Amino acid sequence: MPELPEVETIACRLRPDLVGRRILQLEARWPKSLWPSPEAVRACEGRQVHRVDRRGKHLLLGLSGGSWLAIHLRMSGRMEWAGPHLPEPRHARTLWHLDDGRCLVMADARKFGRVIFTQDLAGTFVDLGPEPLGDGLTPAVFAARLQARDRAIKPLLLDQTFLAGLGNIYTDEALFRARLHPLTPASALTRAEATALLTAIREVLREGIAHCGTSLDWIYPDGRMQEFLRVYGRAGAPCTACGAPIVRAVLGQRGTWTCPRCQPEPGVSGYSPRHALPARRTRPP
DNA sequence: TGAATTGTTATCGT
DNA sequence: AACGATAACAATTC
């Protein structure tokens, strides 16, 4: 489940306890999760953790010698502590035994998570899109990237090579706040719509981080953002903006929640005019 | 029991 | 080439 705000929360929580620790031993109980190979990841042994960061949905551990561990939790991964007085979590897949007697654990029920060891962080992320909260992603840059793609906006936002860090939850929330239907062609967005979308993306991500992420089920506990979601998982409930029932559809194999009134589908006749909305969809000749 | 699940990737067809 | 659809990965929960 973890998307950008959840991984950011995990990084912030681990940082004070992890920076300065030395990795004594790697315990690989599900070697398939270790990339490029279990032997390669073993090179983290003996190294000290210098920093804890995030890139997209990856948790980054900066190690001595210029090497990195990049951990992707995919669907069901969690980071936990184990130790003399802490019981080991269920589904422990990779364990890092540290020099203070504690043990950092990647637990992952579905085994989709990945642990990557690399000396070349830039090379590892060469195909990863820009950080949505990064300074380099100006409205102009974002609008230009959208213009270049002939694709529905929702699957594009989920594409990590286009933008790093959005998952199903925050994508639906951002599109709702920007009043855009998920099937709107990316290249059809005006400059104003692109700017509004970037603002909406940053708002939902910052709000998600401020609330320590979204806790929808047993996988990711402790977050509070689920109380502030406006469309995701709210099928049938009234839209927070207009009162119309939120609709669930399946789009690109993913559950997709929208307000049919606030996010009218482009090109579909039969819906009422965009009353209070500025005419944004038509591009000047 | 059966359906659904937050993410990513390979593959196929258009 | 780019895109959409599909399955696969694997397990758990409701």
Side-chain angles (χ1 to χ4, degrees), chain A residues 1-10 29-36 54-59 70-80 89-94 106-116 124-129 132 145-176 182-188 201 204-205 207-209 211-236 248-257:
Chain A
M1 100 157 281
E3 306 180 25
L4 187 154
E6 289 75 34
V7 180
E8 182 71 28
T9 302
I10 291 166
R29 299 197 190 160
W30 185 249
K32 281 176 71 174
S33 68
L34 305 182
W35 289 71
R54 177 195 59 74
R55 174 77 169 93
K57 301 174 188 174
H58 296 261
L59 174 69
I71 301 170
H72 197 306
L73 299 170
R74 296 276 182 106
M75 296 283 270
S76 59
R78 299 171 356 247
M79 300 304 295
E80 307 278 359
R90 274 163 62 78
H91 312 298
R93 308 298 183 194
T94 305
M106 187 185 77
D108 184 11
R110 277 169 238 181
K111 301 180 177 177
F112 290 169
R114 292 284 175 269
V115 176
I116 300 164
T124 299
F125 293 135
V126 70
D127 290 326
L128 194 58
R145 288 174 71 83
L146 288 168
Q147 282 296 306
R149 305 301 292 268
D150 183 19
R151 203 177 173 189
I153 186 64
K154 167 155 180 179
L156 184 60
L157 292 179
L158 287 172
D159 182 343
Q160 302 296 298
T161 68
F162 180 78
L163 190 64
L166 286 185
N168 209 32
I169 297 173
Y170 294 95
T171 297
D172 277 5
E173 293 297 314
L175 288 172
F176 169 76
L183 287 177
T184 310
S187 58
I201 288 169
V204 296
L205 291 178
E207 206 174 317
I209 292 168
H211 293 296
C212 300
T214 302
S215 307
L216 288 178
D217 56 27
W218 51 279
I219 292 173
Y220 181 89
D222 296 341
R224 298 235 167 283
M225 183 62 187
Q226 67 278 5
E227 299 167 25
F228 304 92
L229 300 179
R230 299 183 191 174
V231 286
Y232 183 90
R234 296 190 64 241
R248 180 188 188 273
V250 175
L251 213 149
Q253 329 304 115
R254 314 300 301 277
T256 298
W257 287 265

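Just so it is clear, the structure is predicted and the values come from calculations on it, not from any experiment. In what follows, chains carry the letters A, B, and so on, assigned in the order in which the sequence lines appear, proteins first and then strands, with residues in each chain numbered from 1. Quick note: numbers below take in every heavy atom, side chains included, and nothing from hydrogens, waters or symmetry partners.
A/R151 CZ to A/L146 CG: the interatomic distance, rounded to the nearest 0.5 Å, is 12.0 Å. Rounded to the nearest 0.5 angstrom, A/M79 CE and A/I10 CD1 are separated by 8.0 Å. Expressed to the nearest 0.5 Å, how far CZ of A/R78 lies from CZ of A/R90 amounts to 9.0 Å. Note that CD of A/E6 and CG of A/L59 are 13.0 Å apart. Values are rounded to the nearest 0.5 Å.
A close approach under 4.0 Å does occur between a side-chain nitrogen or oxygen of A/R149 and OP1 or OP2 of C/dC3. Residue A/H91 places at least one side-chain N or O closer than 4.0 Å to OP1 or OP2 of C/dT12. Distances shown here put a side-chain N or O of A/K57 below 4.0 Å from the OP1 or OP2 atom of B/dG7. Between A/K111 and C/dT12, a side-chain N or O to OP1/OP2 separation shorter than 4.0 Å is absent. Here A/Q253 does not reach the OP1 or OP2 of C/dA7: none of its side-chain N or O atoms lies under 4.0 Å away. The phosphate of B/dT8 has OP1 or OP2 within less than 4.0 Å of a side-chain N or O from A/H72. Checking the phosphate oxygens (OP1, OP2) of C/dA10, no side-chain nitrogen or oxygen of A/R74 falls inside 4.0 Å.
Remark: P of C/dC3 and CG of A/L251 are 16 Å apart, rounded to the nearest angstrom. One can place OH of A/Y232 at 13 Å from P of B/dA4, the figure rounded to the nearest angstrom. Put simply, CE on A/M106 is 14 Å from P on C/dA10, counting in whole angstrom units. Across the protein-nucleic acid pair, A/I153 atom CD1 and C/dA2 atom P stand 17 Å apart, rounded to whole Å. When the C1' atom of B/dA4 is taken as reference, atom CZ of A/R248 falls 8 Å away, rounded to whole Å. We find that CG of A/D127 is positioned 19 Å from P of B/dG7, with the value rounded to whole Å. If you take CH2 of A/W257 and P of B/dA4, they are 11 Å apart, rounded to a whole angstrom. The nearest whole Å value for the distance from the CG atom in A/L183 to the C1' atom in C/dA5 is 14 Å.
Stacking between A/F112 and C/dA10 is absent: the aromatic ring centre is not both under 5.5 angstrom from the base six-membered ring centre and within 30 degrees in plane angle.
For the P atom pair drawn from C/dA7 and B/dA4, the interatomic distance equals 14 Å after rounding to whole Å.
No engagement by A/D108 is indicated, since no non-hydrogen atom pair under 4.0 Å with the nucleic acid exists. Residue contacts shown for A/R114 are absent, as no nucleic acid heavy atom lies under 4.0 Å away.
Checked by atom type and distance alone, the side chain of A/R93 pairs as donor or acceptor with a backbone atom of A/A109 at under 3.5 Å. Remark: side-chain polar atoms of A/S215 are not paired, donor with acceptor, to backbone N or O of A/G213 under 3.5 angstrom. With A/Q160 contributing its side chain and A/L166 its backbone, the two residues share a donor-acceptor pair below 3.5 Å. At distances below 3.5 Å, at least one donor-acceptor pair connects side-chain atoms of A/E3 with backbone N or O atoms of A/Y170.
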Original post:
How does DNA chain C read in dot-bracket, base by base from 5' to 3', with Watson-Crick or G-U pairs under 3.5 Å and | used when the partner is on another strand?
Top reply: .||||||||.||||
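Here the nucleotide nearest the side chain of A/R151, chosen from C/dC3, C/dC9, B/dT6, is C/dC3. Here C/dC3 is the nucleotide among C/dC3, C/dA11, B/dG7 with the atom lying nearest to any side-chain atom of A/D150.
For B/dT5, the base has a donor-acceptor partner in the side chain of A/R110 [N/O atoms by modelled type, under 3.5 angstrom].
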